[in-house]
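We name chains A, B, ... by the order of the sequence lines, and we start the count at 1 in each one. None of the values given here were measured: they were computed from a predicted structure.
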Amino acid sequence: MYDKKIDKKWQDIWEKEKCFQAVDDFNRKKFYSLIEFPYPSGAGLHVGHARAFMGMEVISRMKRMKGYNVLFPIGFDSFGLPTENYAMKTGIHPRKVTDDNIETFTKQLKSFGLSFDWNRVIDTTTPEYFKWTQWIFLKLFEHGMAYKDNTYVNYCPKCRVILANEESQGGLCDRCDSQIVQKEKEVWMLKITDYADKLLDELANLDFTPRVKLEQESWIGRSYGVEIDFGIENSDKKLKVYTTRPDTIFGVTFMAIAPEHKLLDELKGRITNFDEIIEYRKKASEKTEFERTKIAKDKTGVKVQGVYCINPVTNEKLSLVVADYVMLGYGTGAIMAVPAHDERDYEFAKKFNIDIKQVIAMDYTDVTNPPKEGAPNKEGNGVLVVLKHWNEEKYVCSIWKDYDWKNLITGGIEPGETALETAVREVKEETGYIDVKNVSYIPFEHFDSFYAAHKGVNKVVHQRDVFVELASGKQIEISEEEKKLVDNVWLTKEEMLETINKVHHKLVFDICVNGGRPYTGNGILINSEFLNGLNIKEATIKINEYLAENKLGTLKTNYHMKDWAFARQRYWGEPVPIVKCEKCGLVPMNEEDLPLTLPEVKDFMPGEDGESPLAKIDSWVNTICPKCGIAAKRETDTMPQWAGSSWYYLRYIDPKNSNCLASEDKLKYWLPVDWYNGGMEHVTRHLIYSRFWHRFLYDIGVVPTKEPYAKRTTQGLILGPDGNKMSKSKGNVINPDDIIKQYGTDTLRTYILFIGEYSQSAPWSENGVKGAKKFLDRIMRLKDIITNENTDSKELDREMHMMIKKVSNDYEEMKYNTAIACMMSYINLLYKQDKINIKYIKPLLQVLNPVAPHVTEELWELLELENNIFSTLWPEYNESKMVSDIIEMAVLINGTVRFRVTVDSYLNEIEIEKIVRKDDRLKQYTIDKQVKKIIVVKGRVINIVV
RNA sequence: GCGAGUAUGGCGAAAUUGGCAGACGCGCCAGACUUAGAAUCUGGUACCAACCGGUGUGUAGGUUCAAGUCCUAUUACUCGCACCA
């Protein structure tokens with residue numbers, strides 16, 4: 001039996017003998033494994049933490065046994081709002097709250113038996129630590145990467161703090177889920193956008209899971225486009241817009257500008273409805289981010305009276321509108337609107353009755369009859385006709401007799417004819433109907449490309465689409481030829497959409513009966529003067545050249561990621577080491593005066609208007625300017641929660657160094673982190689921030705690697721027994737302490753890893769825990785069947801070596817569930833023997849040790865084996881022991897397993913086939929049948945086709 | 001809306017990447033040991049027919065000697081981003 005009393009015994013031994021301390025021995029091969037250090041909340045550790053830590057715990061213990069010098073550190077990310085909120089509520093100082101929580105966390109972590117190096121513990125709230133957080137800030141400031149800006153920022157009214165973009169995803173506060181409002185404020189910003197390209201491009205060289213890479217890519221959100229200056233009528237001023245579609249510039253029918261855009265103020269004197277615009281601006285600012293992006297799909301806006309823009313390419317006069325669907329923070333805060341080819345512009349144009357001008361025509365290639373390479377191209381003009389019944393809601397579909405074509409009436413435009421005339425003529429010729437009530441264009445043109453076999457040419461037909469409505473059923477006789485070719489049938493709208501089997505015909509019909517829509521796909525330029533006939537790619541290149549030559553626009557790359565709002569109006573954070581001097585401006589503190597510590601205060605409440613509590617402490621705020629020595633004031637905002645965690649993995653390398661953040665040779669030895677495991681929720685927050693800081697430190701020569709983490713993996717969530725996310729309100733939270741108390745630490749560890757695929761979420765099951773306990777009991781009971789006698793067998797050898805191989809490989813791939821399953825299978829095999837020699841048990845204990853260290857240490861000791869198990873060498877496997885003399889193969893008749901054969905393993909496919917052919921059992925399946933083919937896949941199956 | 005992922009017994013899940021579907025665990029059934037229970041051990045356990053056999057990896061097609069795995073369409077759920085110009 002596995003008695004949980006042994007847990008404490010081994011934990012004490014590990015602690016006393018400092019078994020898992022990393023040593024700075026630069027001659028040994030190193031392995032730096034990292035977990036996300038916890039935030040010491042009052043709630044304690046939960047089973048999710050345990051899962052997150054266990055992944056790297058197994059890797060770390062295995063790597064040690066494989067001879068690596070392993071650094072597996074732990075610390076506490078202790079600045080943050082919950083602690084401060086708790087302090088505000090209870091009046092207990094955050095320092096005290098933090099210390100108490102850290103104590104609880106430490107106790108818990110130790111009870112998990114995790115093999116951390118407890119000698120390197122860090123706490124981000126100690127002055128010894130945040131001295132270097134402040135030092136990095138000074139470096140950022142020195143290199144122009146930290147700046148103060150008066151700008152619109154995300155503000156959480158409930159937490160009363162400014163939030164970074166990363167902390168307000170979806171328009172909600174990361175902490176409290178309140179809706180974020182936009183607030184204009186002067187705050188510290190970090191220029192993370194300067195590093196957007198580096199962060200994006202370097203991803204290619206990193207071993208991060210695909211999902212992590214993808215999320216970072218889309219978060220950074222690079223797009224290539226052009227900034228174009230549009231003129232303002234009767235003014236020298238320009239309206240700069242950003243667009244990724246300069247090819248559509250001939251389709252611009254209006255200009256739109258963000259409500260907060262400065263140009264509006266600059267043109268104030270000329271705008272005759274400025275009051276209306278101010279009113280609109282006010283309304284827009286009151287909307288939360290959430291309303292502006294999610295709920296308010298309905299477009300709103302105000303036309304700017306008295307101001308017109310000039311399209312620099314066409315010199316067309318364009319009206320200007322203020323609309324809050326244009327964001328100040330992206331691009332230039334103004335756009336050229338092309339309703340024909342942009343969904344948002346289209347919606348707006350429809351609502352406000354603005355012209356829609358098509359400049360991209362869909363280029364449809366007939367897939368059943370595509371253009372042939374080498375054949376000459378011939379252009380033409382044609383029409384597609386939607387013909388409507390005179391008194392029913394029905395339309396004509398042409399069904400071809402010799403082909404599988406069901407489509408609209410089509411025809412070529414004759415010289416001198418308009419498309420409308422062609423449509424009427426084709427209707428008459430193909431259907432005989434002559435009494436037309438209405439003829440009009442469907443607002444959609446497109447190209448049809450196909451190979452015209454009878455003429456040996458590739459045709460590219462520019463199609464106009466026409467709607468024809470009949471007044472009556474008056475009909476003339478049509479030619480015999482036409483009658484032979486097609487049947488024209490009347491169908492309802494729904495039947496038409498089901499029947500038409502050519503994609504472009506269906507689209508034209510759909511637009512005709514269900515209304516227009518913006519076309520955003522590929523195509524060929526029309527109505528665009530010198531761009532006509534080009535495809536989008538070619539047109540983009542040509543217009544960009546034109547814009548550059550005429551100094552109208554410049555290429556510009558934009559990012560979805562914004563600069564990092566780096567300030568919290570709170571007490572419990574790192575003070576920003578900057579002094580505001582009336583004469584010198586923003587002055588950095590001298591490095592030797594760091595750390596700048598927090599003053600003792602009684603009142604932690606932030607001010608009503610988002611002011612830091614530090615602002616109320618005059619004795620702290622008032623100081624002298626480090627540059628000129630006159631009276632000055634300190635910056636009162638503190639750094640955000642993410643500051644300390646952006647570089648903590650560096651401090652682990654040299655946690656007690658008081659001269660620098662970590663010594664150069666130690667950094668050189670330990671960096672990069674070889675493997676970092678953590679949560680998906682940090683991918684666009686902590687992970688991106690710390691990559692940014694690290695890259696900056698690399699650029700200024702502080703760290704020796706471009707990237708902090710060589711490999712990044714993520715663990716899945718543990719859900720409650722009910723399959724829901726664990727939460728206090730749902731009452732489905734599992735406390736790891738309870739599990740340890742009842743079943744022992746190793747049971748918790750084993751179950752957590754056995755629960756399912758490591759990166760996937762999985763629900764908790766009490767019965768599953770019992771299963772893990774049973775397995776560990778069976779491990780302990782192995783001592784009952786141990787013997788000194790020789791129990792060697794080829795089968796045992798084979799199974800043991802295969803087990804060692806599978807478990808070793810599975811650990812490396814974080815497939816802990818199948819590794820444990822394999823050990824379970826192996827132990828089942830051991831129990832099938834009456835007695836078993838210890839040599840078959842030792843390797844099992846060794847490979848199980850990373851998962852269940854207490855149990856394996858205990859049994860190792862009981863068996864009086866050498867040393868502690870964790871200091872033994874990882875067992876080797878021998879491929880040659882894994883081969884078997886005979887192999888069993890399944891015989892399939894037409895894909896169904898019918899019987900099995902056992903053959904010697906040295907036989908080749910042909911010899912195996914001979915044996916199977918002679919097998920008596922085959923006969924019953926081949927009566928009245930012939931064996932057509934036999935496929936032998938050695939070691940797997942033999943498939944006989946009859 | 002865009003992007004990504006998942007879907008397999010009563011349950012958690014495996015499947016060497018195209019080669020015997022359901023390893024391992026839970027649960028359940030039967031048996032052994034027990035006065036009895038607990039624990040432990042042994043055997044069974046996808047479904048239908050219960051004899052030959054047939055059907056099964058969300059749904060519908062396709063490729064192949066062979067498909068959970070590849071292709072096409074489709075549904076449901078999860079996650080990420082979201083008026084990104």
Identify whether any heavy atom of [X] sits under 4.0 Å from a base atom; if not, whether one sits that close to sugar-phosphate; answer base, sugar-phosphate or nothing.
X	result
A:Asn558	nothing
A:Val945	sugar-phosphate
A:Thr243	sugar-phosphate
A:Ile935	base
A:Ser765	nothing

Atom pair distance, as rounded to whole Å: [atom1] in [X] and [atom2] in [N]:
X	N	atom1	atom2	answer
A:Arg222	B:A85	CZ	P	14 Å
A:Met802	B:A23	CE	P	16 Å
A:Arg344	B:A82	CZ	C1'	11 Å
A:Glu766	B:C11	CD	P	20 Å
A:Leu830	B:C41	CG	P	14 Å
A:Glu217	B:G80	CD	C1'	13 Å
A:Glu757	B:G25	CD	C1'	17 Å
A:Ile752	B:A13	CD1	P	15 Å

Of the listed nucleotides [options], the one nearest the side chain of [X]:
X	options	value
A:Arg898	B:G43, B:A85, B:G53	B:G53
A:Arg778	B:C41, B:A85, B:A4	B:C41
A:Met824	B:A85, B:C41, B:C24	B:C24
A:His560	B:C83, B:A82, B:C26	B:A82
A:Thr818	B:A15, B:C26, B:A85	B:A15
A:Tyr330	B:A13, B:C24, B:C84	B:C84
A:Asn767	B:C83, B:A85, B:G27	B:G27
A:Met327	B:C83, B:C26, B:A4	B:C83
A:Val897	B:G3, B:A15, B:A21	B:A21
A:Phe754	B:C24, B:C26, B:G80	B:C24

Distance, [atom1] atom - from [M] to [N], rounded to whole angstrom:
N	M	atom1	answer
B:C29	B:U75	P	42 Å
B:A7	B:G56	C1'	16 Å
B:A4	B:C48	P	40 Å
B:U55	B:C71	P	26 Å
B:A46	B:A13	C1'	14 Å
B:A14	B:G22	P	15 Å
B:A82	B:C77	P	22 Å
B:C28	B:G37	P	16 Å

For [N], take OP1 and OP2 only and decide whether either is under 4.0 Å from a side-chain N or O of [X].
X	N	value
A:Arg781	B:C41	yes
A:Asn817	B:G25	no
A:Lys774	B:U40	no

Please classify the glycosidic conformation of B:G9 as syn (within 90° of 0) or anti (everything else).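 You should classify B:G9 as syn.
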Does [X] pair with [Y] as a salt bridge, N-O distance under 4.0 Å?
X	Y	result
A:Glu166	A:Arg685	no
A:Arg917	A:Glu913	yes
A:Glu343	A:Arg517	no
A:Glu888	A:Arg900	yes
A:Asp355	A:Lys357	no

Does the side chain to side chain donor-acceptor pair (under 3.5 Å) test come out yes or no for A:Thr300 and A:Tyr280, once each step is laid out? CA-CA 9 Å; A:Thr300 61; A:Tyr280 182 74; 2.8 Å; yes
With a cut-off of under 6.0 Å to the ring centre and 45° to the axis, is A:Lys213 in cation-pi contact with A:Phe208?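 No, a cation-pi geometry is absent between A:Lys213 and A:Phe208.
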Polar pair under 3.5 Å, donor/acceptor by atom type, side chain A:Arg211, base B:C79: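 Result: no qualifying N/O pair found.
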Within the modelled atom types, does a donor on one side and an acceptor on the other bring the side chain of A:Lys932 and the base of B:C65 under 3.5 Å apart?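 Side chain to base: no pair below 3.5 Å.
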Show me the dot-bracket string of RNA chain B, counting Watson-Crick or G-U pairs under 3.5 Å, with | for pairs to another strand and [ ] for crossing ones. (((((((..(((......[....)))((((((.......))))))(((....)))..(((((..]....))))))))))))....
First of A:Asn943 and A:Pro763 reached from the 5' end of RNA chain B, by closest nucleotide: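 Between the two, 5'-proximity favours A:Pro763.
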More 5' along RNA chain B: A:Gly895 or A:Tyr831, using each one's nearest nucleotide?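 Result: A:Tyr831.
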Taking atom types as modelled and ignoring hydrogens, do the side chains of A:Ser223 and A:Tyr559 form a donor-acceptor contact shorter than 3.5 angstrom?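 No, A:Tyr559 and A:Ser223 have no side-chain donor paired with an acceptor closer than 3.5 Å.
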side-chain contact (heavy atoms from CB on, under 4.5 Å) with A:Asp247: which of A:Asn544, A:Val338, A:Thr540?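 When side-chain contact (heavy atoms from CB on, under 4.5 Å) is applied between A:Asp247 and each of A:Asn544, A:Val338, A:Thr540, only A:Thr540 qualifies.
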